[in-house]
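One structure is given here, and the rest of the page talks about it.
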Amino acid sequence: IAALRAVACTAPLQDGLRRCSVCGAAFATPLRMRDHLGGRRHCTAVAMKFSSERSLSSSPIDKEEARKIFESYSTVPLSRCRPEPPDVALVKLKNEGFLNRDQ
């Protein structure tokens, strides 16, 4: 799970998602999804889905293998989800700096 958490921060993520189809988590705002990907609940669900389809070896998983697992069991399923347009707009505004509290 630690290897999955390490690669989660650089995994692609579609803007505007508020519900995780991998582990079932739901958020009040789509701005929380990025942090969720690297969390224990999400990475445990990814590991469980992977282990249910393949036998796990006792050897540690390297970063490249973790990236492939995360892509197959998290990135691809999440890319099939359709976000709501207002949620996409909120994330875009945040990313462009329009929602900074300093202003």
Side-chain angles (χ1 to χ4, degrees):
I1 292 176
L4 294 172
R5 292 181 83 175
V7 298
C9 62
T10 59
L13 175 63
Q14 180 177 200
D15 286 342
L17 294 178
R18 284 198 295 156
R19 180 169 297 278
C20 180
S21 63
V22 176
C23 69
F27 307 100
T29 172
L31 302 175
R32 299 191 189 281
M33 183 60 88
R34 169 56 65 193
D35 290 336
H36 166 71
L37 291 184
R40 184 178 50 184
R41 177 179 177 177
H42 185 80
C43 290
T44 299
V46 170
M48 295 296 287
K49 289 177 187 295
F50 173 73
S51 66
S52 71
E53 294 183 12
R54 304 186 184 173
S55 62
L56 292 176
S57 66
S58 59
S59 62
I61 295 174
D62 66 11
K63 189 172 183 172
E64 185 59 27
E65 180 71 13
R67 189 194 62 74
K68 289 177 184 176
I69 293 168
F70 199 86
E71 180 179 344
S72 296
Y73 295 94
S74 177
T75 304
V76 171
L78 288 173
S79 71
R80 294 183 187 128
C81 297
R82 305 236 4 184
E84 294 293 323
D87 292 334
V88 175
L90 177 64
V91 173
K92 298 261 187 230
L93 288 170
K94 174 69 174 162
N95 290 344
E96 294 296 322
F98 291 109
L99 297 179
N100 291 337
R101 293 179 184 221
D102 299 338
Q103 297 177 348

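Just so you know, these numbers use all the heavy atoms, side chains as well, and skip hydrogens, waters and symmetry mates.
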Looking at every heavy atom in both [X] and [Y], which two are closest together, and how far apart are they?
X	Y	value
F70	V7	CB-CG2, 4.0 Å
G16	V91	N-CG2, 3.7 Å
S74	P77	O-CD, 3.3 Å
I1	C43	CG2-CB, 3.9 Å
P12	T75	O-CG2, 3.9 Å
G38	A8	CA-CB, 3.6 Å

For this session: Give the intermediate values and the outcome of side chain to side chain contact (heavy atoms under 4.5 Å, CB included) for residues L90 and K94.
Result: CA-CA 6 Å; L90 177 64; K94 174 69 174 162; 5.8 Å; no

Problem set entry | Check ion pair E65-K68 (N to O, under 4.0 angstrom) |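 No, no charged N to carboxylate O under 4.0 Å.
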
Between atom [atom1] of [X] and atom [atom2] of [Y], what is the distance when rounded to the nearest 0.5 Å?
X	Y	atom1	atom2	result
S21	L78	OG	CG	4.5 Å
E84	L17	CD	CG	10.5 Å
H42	C23	NE2	SG	6.0 Å
L13	H36	CG	NE2	10.0 Å
L37	C9	CG	SG	10.0 Å

Exercise. Any sub-3.5 Å donor-acceptor pair from S72's side-chain atoms to I69's backbone N or O?
Worked result: no

Exercise. Hey, is the main chain of K49 close enough, under 3.5 Å, to the side chain of S52 for a donor-acceptor pair?
Worked result: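 Yes; judged by distance alone, with no hydrogens or angles, the pair exists.
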
For this session: Test salt bridge (Lys or Arg N to Asp or Glu O under 4.0 Å) on R67 and E71 and set out the steps.
Result: CA-CA 6 Å; R67 189 194 62 74; E71 180 179 344; 3.1 Å; yes

Exercise. So if you build clusters from Ile, Leu, Val, Met, Phe, Trp, Tyr with side-chain heavy-atom gaps below 4.5 Å, do L93 and L31 land together?
Worked result: yes

Problem set entry | Sequence neighbours excluded, every pair satisfying salt bridge (Lys or Arg N to Asp or Glu O under 4.0 Å) that has a member inside residues 13-22 | D15-K92, R18-D87

Seminar exercise, completed: Taken in chain and number order and not counting sequence neighbours, the residues that satisfy side-chain hydrogen bond (donor to acceptor under 3.5 Å, both in side chains) with Q14 are none

